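Small disclaimer: the values here were computed from a predicted structure and weren't measured. Letters A, B, ... are given to chains in the order of the sequence lines, protein chains preceding strands, and every chain is numbered from 1.
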2 protein chains.
Amino acid sequence: MSPRKSAQEELTKTAIINVARELFVTSGYPSFSMRKLAKELGCSHGAIYYHFKNKAELFYEIVTQDFLTLDCVLEEVLGTQTNSNEEKLYLILFEYIRFGLTNQPQYEVMFLIKDEEIKGYLLEAPNNSYLHFANAVASLAAKPLTPKDIWSLFIGIHGFVTHYCRTETSFEDVKQLAKSHVEFLLKAIK
Amino acid sequence: MSPRKSAQEELTKTAIINVARELFVTSGYPSFSMRKLAKELGCSHGAIYYHFKNKAELFYEIVTQDFLTLDCVLEEVLGTQTNSNEEKLYLILFEYIRFGLTNQPQYEVMFLIKDEEIKGYLLEAPNNSYLHFANAVASLAAKPLTPKDIWSLFIGIHGFVTHYCRTETSFEDVKQLAKSHVEFLLKAIK
DNA sequence: TCATTAATTGAACACTGGTCAATTAAATAA
DNA sequence: TTATTTAATTGACCAGTGTTCAATTAATGA
């Protein structure tokens with residue numbers, strides 16, 4: 001009945017992203033749908049497709065922010081004062097787990113999802129994210145580490161996050177376990 | 001036009017499971033649908049619901065077989081002659097990875113899927129499977145291990161399988177990497 | 001004022017899992 | 001053998017999904 005809204009209430013990419021983000025973070029990826037998002041935005045579902053090619057592109061743009069956040073987490077740890085490099089290395093792994101478990105829906109899309117369309121968009125992002133991680137780890141280790149060692153460290157914490165994402169456990173609930181898991185992994189490079 | 005087929009071509013639970021299994025193992029969980037399965041079986045999709053309450057129950061019955069297989073893998077390793085317990089422990093972790101990556105669609109449903117309905121059916125199975133694993137590991141370790149240590153070992157290999165499931169990498173392609181990852185994890189309990 | 005452009009709508013398409021009344025073959029009882 | 005009951009199957013139907021697109025209309029520029 002009324003195609004095209006008045007100028008003030010026109011959709012913008014960022015408005016869509018913000019509401020989508022809110023919806024997806026609070027109720028998870030599986031329950032998210034373009035129609036629910038449209039309802040939340042007060043527009044028709046078709047309108048969203050004027051601003052985003054498809055669902056995958058929308059999620060790519062949402063999650064791009066989270067890759068930046070993850071980089072910041074890493075950078076922040078590198079910037080903090082610690083008693084030793086060993087402690088800093090510990091913190092990197094620990095804070096990675098914290099990030100994963102306090103941002104479970106995002107972590108899922110960033111590193112877990114099998115959806116081919118979404119993986120198509122996320123080609124470099126997870127890789128770049130890993131490279132940052134690997135560089136940080138390499139720079140802090142007491143002994144020189146092989147690339148395989150660093151990869152094993154990553155896979156080790158990735159496994160932790162993955163498992164507790166699946167069971168939707170909060171970070172607080174496994175904080176102590178995370179601590180000992182990180183300590184476990186670090187024993188391997190002692 | 002012809003409800004109820006002649007006796008010879010009546011559906012059976014096992015026939016459905018077998019075809020479903022084939023379909024799901026070859027083309028993966030996301031592409032699986034009850035309607036495609038019905039087409040493959042040469043029946044209507046409604047008929048399947050006479051034999052299984054829903055999709056989750058069907059998958060539960062499929063994957064129950066795989067939990068048995070995984071138990072067998074473990075039992076087989078425990079039964080083989082090795083030079084040392086250390087080698088046997090190595091084999092347990094390595095063969096777990098092999099199982100996961102040569103049965104990726106199944107591993108996904110067994111340990112990765114977030115679908116609440118499926119998780120409802122798989123309450124004890126993954127847990128029991130882990131207990132077997134944990135007992136085996138505990139019995140083989142040189143030093144006594146804490147439950148946390150065993151859990152970290154599991155989470156460590158789980159992370160490996162998870163990652164290469166997502167990228168749909170074959171076991172053969174990461175066999176060497178799996179070897180070094182297991183060696184890495186075992187260093188932590190040396 | 002009027003043509004052009006940009007943004008929105010909602011019907012439509014091809015899917016999904018799931019339900020259920022109607023139908024009919026097979027099994028059982030008379 | 002015939003009638004009746006039971007078991008298995010069908011396919012229309014429901015509510016939902018992502019996606020497309022002709023039609024519509026507000027805003028913009030000439």
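One finds no salt bridge joining A/K187 and A/E183 here, because no Lys/Arg side-chain nitrogen approaches an Asp/Glu carboxylate oxygen to under 4.0 Å. A salt bridge links A/R4 and A/E10; the closest N-O separation between the charged side-chain nitrogens and carboxylate oxygens is under 4.0 Å. A salt bridge links B/D66 and B/R21; the closest N-O separation between the charged side-chain nitrogens and carboxylate oxygens is under 4.0 Å.
Atom CG of B/D115 is separated from atom P of C/dG17 by 11 Å (rounded to the nearest Å). Residue B/I48 contributes atom CD1, which lies 13 Å from atom C1' of C/dT16 at whole-angstrom precision. Atom NZ of B/K39 is separated from atom P of D/dT10 by 14 Å (rounded to the nearest Å). Rounded to whole angstrom, the span from the CG atom of B/L58 across to the P atom of C/dG18 amounts to 10 Å. The separation between A/F24 atom CZ and D/dT17 atom P is 17 Å, rounded to whole Å. The interatomic distance linking B/Y49 (OH) with D/dA7 (C1') rounds to 20 Å, in whole Å. Regarding B/F59, its CZ atom lies at a distance of 12 Å from the C1' atom of C/dG17, rounded to whole Å. At whole-Å resolution of the value, CD1 in B/I16 and C1' in D/dA8 are 11 Å apart.
Contact check, B/Y50 against D/dA8: a side-chain N or O comes under 4.0 Å of OP1 or OP2. OP1 or OP2 of D/dT20 has not a single side-chain nitrogen or oxygen of A/H45 nearer than 4.0 Å. Using a 4.0 Å cut-off, no side-chain N or O of A/K5 falls inside it from OP1 or OP2 of C/dT8.
Place A/K55 and A/Q8 on DNA chain D by their nearest nucleotides, and A/K55 ends up nearer the 5' end. Nearer to the 5' terminus of DNA chain C, by closest-nucleotide assignment, is the contact made by B/A56 (compared with the other of B/R4 and B/A56).
Both tests do not hold together for B/K148 against A/F184: distance to the six-membered ring centre under 6.0 Å, angle to the ring axis within 45°.
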Please tabulate, one pair per line, all N/O donor-acceptor pairs under 3.5 Å involving side-chain atoms of residues 118-129 of chain A, not counting sequence neighbours.
{"residue": "A/K119", "atom": "NZ", "partner": "A/E116", "partner atom": "OE2", "Å": "3.3"}
{"residue": "A/K119", "atom": "NZ", "partner": "B/R166", "partner atom": "O", "Å": "2.8"}
{"residue": "A/Y121", "atom": "OH", "partner": "A/K53", "partner atom": "NZ", "Å": "3.4"}

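Aromatic rings of A/H158 and A/W151 (six-membered ring for Trp) have centroids beyond the 6.0 Å cut-off, not under it.
The side chain of B/H51 approaches D/dT9 more closely than any other nucleotide in the set D/dA27, C/dT19, D/dT9.
Non-hydrogen atoms lying under 4.0 Å from DNA chain D are contributed by A/F32, A/S33, A/M34, A/R35, A/K36, all within residues 28-36 of chain A.
Donor-acceptor pairing under 3.5 Å is recorded for the side chains of A/S6 and A/E9.
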